[in-house]
Amino acid sequence: MVGNIKKGDAKEIIETDFIPVDYSHFDWQEENYVRIIGRNSDGKRICLIDKFEPYFWAIFKKETSEKKIKEIQKNIENIKIESENRTTEIKKTEVHDKHFLGQKVKAIKIFITNYKDAHPVADKLDFPEIEARREYDIPLITRYIIDKKLLPLHQYKIIGRNVDLDFEFGSLARVLEVDSCLFIQKISSIKESEELSPKIVAYDIEADELEIGKGDITMISLVSKNFKKVLTWKKTKSRQDYVELCKDEEDMLKKFVSYVKKLNPDMLVGYFSDGFDLPYLRERAEKNKIKLSLGLDKSQPTFMRGRVPSGRISGIVHIDLFRFIETVYSQYLQSETLGLNEVALEILGEGKKDFDKTRKSNKIREDEWEDYFEYNLQDSILTYKLAEKFWPDMQEFCKIIQEPLFEITRDSMSQLLENYILHRLDSYDEITDKRPLHDEISTRRQRKKVEGAFVLEPKAGLYENIAMFDFSSMHTSIIVSFNISKATLLEKPEKNVHESPEVELNGKKSKFYFSKELGFLPDMFKRLVEKRKDCKKEYKENPNPVTKARSNAFKLLSAAVHGYIGFFGARYYSIESSASILAFVRQFNKETIEKVKKAGHNVIYSDTDSVAFTMEGKTKQQVLDLLKKLNSELPGMMELELEDFYKRGIWVTTRAGGFGAKKKYALIDEKGKLKIRGFETVRRDWCKLARDLQNIILQKILKEGNEISALEYLKEIIKKLKERKVDKEDILIRTQLKKPISEYLSITPHVIAAKKMEEQGIPVDVGMLVKFFIAETKGNTKLVREKVKLPDEKGEYNLEYYLGHQIIPAVENIFEVFGITKEDILGKKQKSLGDF
DNA sequence: GTGCGTGCCCTACC
DNA sequence: ACCGGTAGGGCACGCAC
């Protein structure tokens with residue numbers, strides 16, 4: 001179905017299929033245009049250009065008369081703003097019946113020449129009849145996608161005319177490295193559409209200094225399908241054919257650009273590349289006085305400021321895979337850090353090559369460079385493989401959220417959800433509410449915390465035959481069932497409305513009321529949760545990477561709803577809603593506990609949306625019947641599910657008060673699979689020795705139902721510790737550095753470790769995991785921090801510390817359940833370290 | 001000088 | 001600035017005795 005795609009033949013009409021990948025906008029003759037880069041099914045790279053007509057809304061107060069509206073419309077049409085180099089005028093206006101926050105309103109759609117004029121024009125509209133001005137803060141591309149329905153990664157049929165490269169859009173279209181450039185005339189959807197098979201290129205650099213641009217870049221690796229390359233200027237013999245020797249750094253940078261052009265990727269993927277590789281390349285290009293013209297329009301990468309700067313390459317989607325994995329996948333990863341090595345090991349079963357690159361390159365021996373190249377190449381190989389692995393996830397998020405790949409791989413969860421909402425408001429005829437400004441954000445941030453969920457204190461002990469119920473998507477199903485949102489919140493109680501339990505907000509106790517007329521957000525969230533259920537079912541029936549990714553995307557979005565409503569940066573923030581939702585959460589949780597008790601069970605534990613209880617001799621069927629009964633009593637779309645049946649479970653006391661410890665338990669299911677929550681086993685800031693020990697002890701106790709062999713095992717480990725046979729790796733403590741060293745008020749062991757690293761010239765970054773161990777020291781110091789040593793420092797581990805502060809604390813409360821005390825473990829008579 | 005409460009800090013659960 | 005409330009627990013520190 002593809003026409004004869006070639007550049008030239010100005011104005012010729014072309015028809016082609018097309019999948020949008022990269023979106024940007026530009027100004028020409030003071031007007032806004034959108035430029036979309038994508039592919040057709042022949043793999044040709046096509047650029048589409050479309051006109052964008054910017055507009056925003058002015059919403060009238062309820063009682064405004066038709067006459068007054070017409071009058072104001074005229075006034076608005078006459079607005080002119082003179083600025084230094086141009087005059088801003090209103091192109092046209094239209095009066096529409098719309099909805100705003102669920103209310104029917106009359107609103108004027110105000111079309112302006114240039115998107116940039118939206119704010120100044122909006123500021124001019126100070127008519128008393130105008131209640132609000134909205135949508136001047138919607139990003140241009142978002143608006144374009146919503147209005148034209150040209151969704152990223154969907155396939156379309158496009159009819160367009162060849163752009164006259166000599167006359168239209170200045171040199172913009174002419175310099176573009178694409179197969180064809182069309183001005184859009186018609187977009188139509190395709191029924192049996194194809195998916196994009198993206199061309200991915202992964203890259204990675206090695207540099208002498210970690211500070212951006214400070215040292216030379218010694219090598220750059222590039223990996224794509226059937227392609228691998230390491231570029232370097234280091235003159236050393238290499239037997240590997242993938243190593244290409246460049247004259248100098250400048251030549252290497254130029255070759256990098258030319259290889260990227262030759263490979264012609266849709267996506268250029270790095271790992272941490274927003275924060276390291278791309279800005280480094282850009283800086284070094286500048287130092288070498290050359291242009292890093294990676295863009296399809298030969299432009300250099302640009303960096304948008306944000307929490308982390310985002311590196312954008314015109315026409316090619318630059319993806320920092322780390323950022324995407326961090327938001328959408330980190331909760332599923334066991335890895336303690338999200339570094340390339342650990343993530344790749346867990347997901348691909350393959351890690352980085354072993355190479356000590358902490359040395360400056362002049363310290364690297366001639367014969368070691370070969371390994372360094374291989375190390376560098378491997379990083380790109382891993383990045384490439386991860387990109388392939390996560391492509392279904394990126395694709396599904398992109399299709400569901402309907403924002404471009406560049407955005408969805410960098411957005412936080414609440415931004416993703418907000419974009420999901422923005423792209424669906426059209427079907428409710430809703431005008432989008434505004435993004436909070438600085439003052440509003442600080443007010444929101446200053447408010448007192450609202451009371452959260454309820455957690456039941458467990459009674460410590462070993463339990464047999466346990467069942468657990470939990471509410472599915474509890475917060476979201478409460479929102480839907482009680483129609484909770486900013487727009488459905490009523491100012492005062494009315495007849496026949498939803499009423500929240502009493503909540504305390506800013507020191508005042510009150511109830512909140514929500515209309516029973518279905519709100520657009522509750523309706524949208526209802527669809528979201530239903531979609532989540534459908535996709536979960538789809539995945540179970542047909543498990544594959546795509547259905548898994550889709551199911552996961554809807555799961556994450558459903559789970560983010562409540563957080564979004566209470567998030568200070570949200571357009572649809574509503575603290576009254578958030579407080580009400582949490583009050584309902586507490587109420588339903590407590591009611592469920594009571595009902596389960598009343599049915600004759602012993603409720604052991606409960607946290608937020610779950611209840612764990614013993615079977616008390618009842619059959620599984622009886623428990624399922626109870627579940628059915630409880631469900632029949634729940635309102636709306638609220639639903640209680642069976643989490644699972646468990647053979648045994650253990651709850652312990654807190655170290656401090658001897659109360660039952662919350663958020664800390666271990667269960668074993670009927671297949672022998674363990675579910676461990678909160679214990680040191682799952683905490684990365686405990687040493688491996690203590691964690692592994694605790695894990696095995698929990699396993700033995702839960703499998704066997706008693707402590708006998710667990711105790712034997714413990715004694716073995718203590719013996720091994722005392723004989724100093726424990727590996728160094730197993731006694732390392734890892735703690736994250738959450739802020740710069742200087743900002744710490746209290747100087748803890750991990751801060752000391754970080755300081756030591758700094759002294760040794762090891763780069764210390766915020767967010768890094770600091771590794772250290774507690775060593776035997778001379779003198780009579782009490783402070784742990786004075787015994788801190790870095791992993792490669794000489795010294796014996798501190799026996800007393802590891803016994804008294806790692807091993808014993810990790811198991812003490814577990815054995816206490818069986819009436820075995822610390823003294824029993826260590827030998828009764830000895831005050832210090834007894835021997836067995 | 002010890003011992004305990006408190007604040008800081010980190011990390012987990014949901 | 002990028003979901004937030006609930007919770008456990010280690011370490012340092014300062015006050016009470």
Side-chain angles (χ1 to χ4, degrees), chain A residues 305-308 310 323 326-327 331 336 410-418 435-436 438 440-442 444-445 447-458 470-471 473-476 556-557 559-570 573 575 578-579 581-582 585-586 589 605-610 643 652-657 659-665 675-687 690 733-739 743-752 767 769-770 774 780-788 801 804-806 809-810 812-813:
Chain A
R305 272 183 294 159
R307 193 169 52 100
V308 195
S310 303
R323 295 185 68 177
E326 188 184 28
T327 30
Q331 66 174 115
E336 278 158 24
R410 287 171 177 81
D411 282 354
S412 69
M413 215 48 223
S414 62
Q415 280 174 303
L416 288 172
L417 184 65
E418 184 154 283
R435 197 188 279 154
H438 188 268
E440 175 66 18
I441 288 183
S442 52
R444 290 179 184 182
R445 285 168 64 86
R447 65 146 180 93
K448 277 215 282 185
K449 279 192 193 179
V450 296
E451 189 186 346
F454 170 73
V455 187
L456 179 74
E457 188 200 317
D470 63 5
F471 284 94
S473 305
M474 192 188 203
H475 298 75
T476 314
L556 289 174
L557 287 170
V561 169
H562 173 244
Y564 170 78
I565 287 171
F567 166 49
F568 53 77
Y573 172 86
I575 196 59
S578 183
I581 294 159
L582 288 165
V585 166
R586 291 190 295 272
N589 187 8
Y605 181 58
S606 168
D607 184 351
T608 312
D609 60 356
S610 67
E643 222 285 315
V652 298
T653 56
T654 62
R655 206 96 74 216
F659 298 108
K662 298 170 177 183
K663 298 184 187 287
K664 214 173 168 182
Y665 59 90
K675 177 172 169 164
I676 300 178
R677 293 290 119 100
F679 272 111
E680 285 72 8
T681 303
V682 298
R683 294 185 62 92
R684 71 171 181 198
D685 53 352
W686 282 68
C687 73
I733 295 164
R734 285 156 240 257
T735 314
Q736 194 178 30
L737 199 68
K738 299 284 251 192
K739 50 190 177 187
E743 280 176 31
Y744 279 92
L745 294 174
S746 103
I747 308 303
T748 53
H750 86 291
V751 176
I752 293 294
L769 268 197
V770 180
I774 306 303
N780 207 5
T781 173
K782 276 252 154 74
L783 294 177
V784 177
R785 67 172 175 216
E786 283 164 21
K787 300 172 191 160
V788 166
Y801 178 83
H805 291 256
Q806 292 277 331
E812 192 181 355
N813 297 354

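Only a predicted model underlies this, so the values are computations on that prediction, with no experimental measurement involved. Order of the sequence lines sets the chain letters (A, B, ...), proteins ahead of strands, with each chain counted from 1.
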Problem set entry | Check: A:Thr476/A:His562 side-chain N/O donor and acceptor closer than 3.5 Å | no

Problem set entry | Any side-chain donor near an acceptor of the partner, A:Ser606 and A:Asn589, under 3.5 Å | yes

Problem set entry | Interatomic spacing from CZ in A:Arg447 to CD1 in A:Ile575 - rounded to 0.5 Å | 3.0 Å

State, with a plain yes or no, whether a side-chain heavy atom of [X] is found less than 4.5 Å away from one of [Y].
X	Y	answer
A:Tyr665	A:Lys675	yes
A:Ser610	A:Glu643	no
A:Gln415	A:Arg410	no

For [X], which contact category applies under a 4.0 Å heavy-atom criterion: base, sugar-phosphate, or nothing?
X	answer
A:Arg435	nothing
A:Lys664	sugar-phosphate
A:Gly678	sugar-phosphate
A:Tyr564	nothing
A:Ile441	nothing
A:His475	nothing
A:Tyr801	sugar-phosphate
A:Val450	sugar-phosphate
A:Tyr665	sugar-phosphate
A:Lys448	nothing

Problem set entry | chain A contact limits on DNA chain C, taken 5' to 3' with a cut-off of 4.0 angstrom to heavy atoms | C:dA1 to C:dC13

Whole-Å distance between [N] [atom2] and [X] [atom1]?
X	N	atom1	atom2	value
A:Arg655	B:dA12	CZ	C1'	14 Å
A:Glu680	B:dC13	CD	C1'	14 Å
A:Asp470	B:dC14	CG	C1'	10 Å
A:Arg677	B:dC13	CZ	P	6 Å
A:Gln736	B:dA12	CD	C1'	13 Å
A:Arg684	B:dA12	CZ	P	6 Å
A:His750	B:dT11	NE2	C1'	12 Å

Problem set entry | Closest contact, heavy atoms only, A:Lys663 versus A:Asp607 | NZ-OD2, 2.7 Å

Problem set entry | Nearest heavy atoms of A:Arg677 and A:Val682, plus distance in Å | C-CG2, 4.4 Å

Problem set entry | Rounded to 10 degrees, the angle between the two terminal axes of the helix from B:dG1-C:dC17 to B:dC14-C:dG4, each from five pairs | 10°

For this session: Show your reasoning for whether side-chain contact (heavy atoms from CB on, under 4.5 Å) applies to A:Arg684 and A:Thr735.
Result: CA-CA 8 Å; A:Arg684 71 171 181 198; A:Thr735 314; over 6 Å; no

Output yes when at least one side-chain N/O atom of [X] is less than 4.0 Å from OP1 or OP2 of [N], else no.
X	N	result
A:Tyr744	B:dC10	yes
A:Arg683	B:dA12	no
A:Lys662	B:dC14	no

Problem set entry | Ionic contact status for A:Glu418 with A:Arg435, cut-off 4.0 Å | no

Exercise. Would A:Lys664 and A:Glu680 pass as an ion pair if we require N to O under 4.0 Å?
Worked result: yes

Seminar exercise, completed: Whichever of A:Ala453 and A:Ile747 has the more 5' nearest nucleotide on DNA chain C, that residue is A:Ala453

Exercise. A:Leu745 side chain: which of B:dC9, B:dA12, B:dC13 is closest?
Worked result: B:dC9

